[in-house]
Amino acid sequence: QGNANLAPLRATSYDLSLEKYFNKSAYASAAVFYKDLDTYITKFTDTNYNFSSYANQIGLSIPAAGPIGTFTQAVNGQGGTLRGFELSASTPLSVIAAPLGGFGMSASYSNTSSSVNLPVGLLGSNPNQAVDVSTQRIPLPGLSKGNTKFMLYYDRAGLQASVAMNRRTTYVGSVANDAVGGYPTLRYIQGSAWVSAQIGYELQSGYLKGLSVRFEGNNLNKPVYRQLKADGVTVDSEIKTGAAYALRVGYKF
């Protein structure tokens, strides 16, 4: 069931950043941040819930086993912190050497530590499993401690090409639950990386000006998606993904 009394995620945030621009086309930046989390949203399961009032309201008879069942809803957690720093830079390589005109790169790295109070046993729990009323501190769901992005590109006279890599460390994710009830559950997701590349050309003049062709490749390193058990180390399941390719043709009027 939903929760009409659910409060939004609230936090008091402190941010400090410094940016430096070079030659109007390159920059570097650094930032630090801290968030004091007042409220966040999580799931709670009551395996001893009395459904009598709901059964009466919608005209259902109480089964022989009685009105006690499993009840899950979103609730507010309270108390948590999030802190970290981020570094990023972007520059055309012509600022290093003129013959590298058209080439460029961008990169970023963030390191974030987070901690929230969640019920013990919530990680990997099923709808028919009781969740302890005591709490434990785990990372904020959906947030990796480390995130790295890097891209090398070329863009000149209609020719565009790039190769990029994204990497994130292990995090707590909300995933589909194959147990009866099926509400999303929290599990550790093993960190991984994704590599993509593309090359294309757009005609710059003539009757076909604006016509472009681009070839793309994603997941070129064929990453493996792994769900981990509550210890955050042992593999519970894995999904192997292959590379994907696409040929795109476009025209700008």
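Numbers here simply count residues along the sequence, with the first being 1. Bear in mind that the values here come from a model prediction, so they are computed numbers and not experimental data.
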Yes or no on side chain to side chain contact (heavy atoms under 4.5 Å, CB included) for W194 and K222, after CA distance, side-chain angles and deciding distance? CA-CA 8 Å; W194 301 266; K222 301 179 181 179; over 6 Å; no

Heavy-atom side-chain proximity of [X] to [Y] below 4.5 angstrom:
X	Y	value
F150	Y109	no
I41	N76	yes
S110	F33	no
N218	V195	no
I199	R214	no
L228	V233	no
I96	F103	no
F215	Y201	no

Over all heavy atoms of both residues, which pair between [X] and [Y] is shortest? Give the atoms and the distance, please.
X	Y	answer
Y153	T91	OH-O, 4.0 Å
Q190	T170	CA-OG1, 3.6 Å
G158	Q204	CA-NE2, 3.3 Å
Y188	G232	CD1-CA, 3.5 Å
G200	L159	O-CD1, 3.3 Å

Judged by modelled atom types alone, do S53 and N56 share a side-chain donor-acceptor pair under 3.5 Å? no

Would you say [X]'s side chain and [Y]'s backbone share a donor-acceptor pair under 3.5 angstrom?
X	Y	value
S113	L82	no
D236	Q227	no
S192	P223	no
N221	A193	yes
T112	R83	no
T169	G191	no

For the atom pair [atom1] ([X]) and [atom2] ([Y]), what is the distance rounded to the nearest 0.5 Å?
X	Y	atom1	atom2	value
Q160	Y154	CD	OH	11.0 Å
L9	Y40	CG	OH	10.0 Å
N219	S196	CG	OG	8.5 Å
K149	S88	NZ	OG	10.5 Å
I138	Y171	CD1	OH	13.5 Å
S94	L100	OG	CG	8.0 Å

Determine, stepwise, if the pair V172 / R187 fulfils side chain to side chain contact (heavy atoms under 4.5 Å, CB included). CA-CA 5 Å; V172 175; R187 289 190 183 276; over 6 Å; no

Test D36 against Y34 for side-chain hydrogen bond (donor to acceptor under 3.5 Å, both in side chains), laying out the working first. CA-CA 7 Å; D36 184 9; Y34 177 84; 4.8 Å; no

Salt bridge present between E202 and K252 (N-O < 4.0 angstrom): yes

Does atom CZ of R226 have more than 12 heavy-atom neighbours from other groups under 6.0 Å away? yes

Verify same cluster id: I62, Y49 (apolar side-chain graph, 4.5 Å): no

Would T81 and S115 satisfy side-chain hydrogen bond (donor to acceptor under 3.5 Å, both in side chains), going step by step from the backbone distance to the final call? CA-CA 5 Å; T81 59; S115 176; 5.2 Å; no

With a cut-off of 3.5 Å and sequence neighbours excluded, list every side-chain donor-acceptor pair involving residues 10-22.
{"from": "S13", "atom 1": "OG", "to": "K35", "atom 2": "NZ", "distance (Å)": "3.2"}
{"from": "E19", "atom 1": "OE1", "to": "Y21", "atom 2": "OH", "distance (Å)": "3.0"}

Under the side-chain hydrogen bond (donor to acceptor under 3.5 Å, both in side chains) criterion, do N147 and S144 qualify, and how do the steps go? CA-CA 7 Å; N147 286 275; S144 289; 4.6 Å; no

Chi angles and distances behind the side chain to side chain contact (heavy atoms under 4.5 Å, CB included) call for V213, L247: CA-CA 7 Å; V213 179; L247 179 64; 3.9 Å; yes

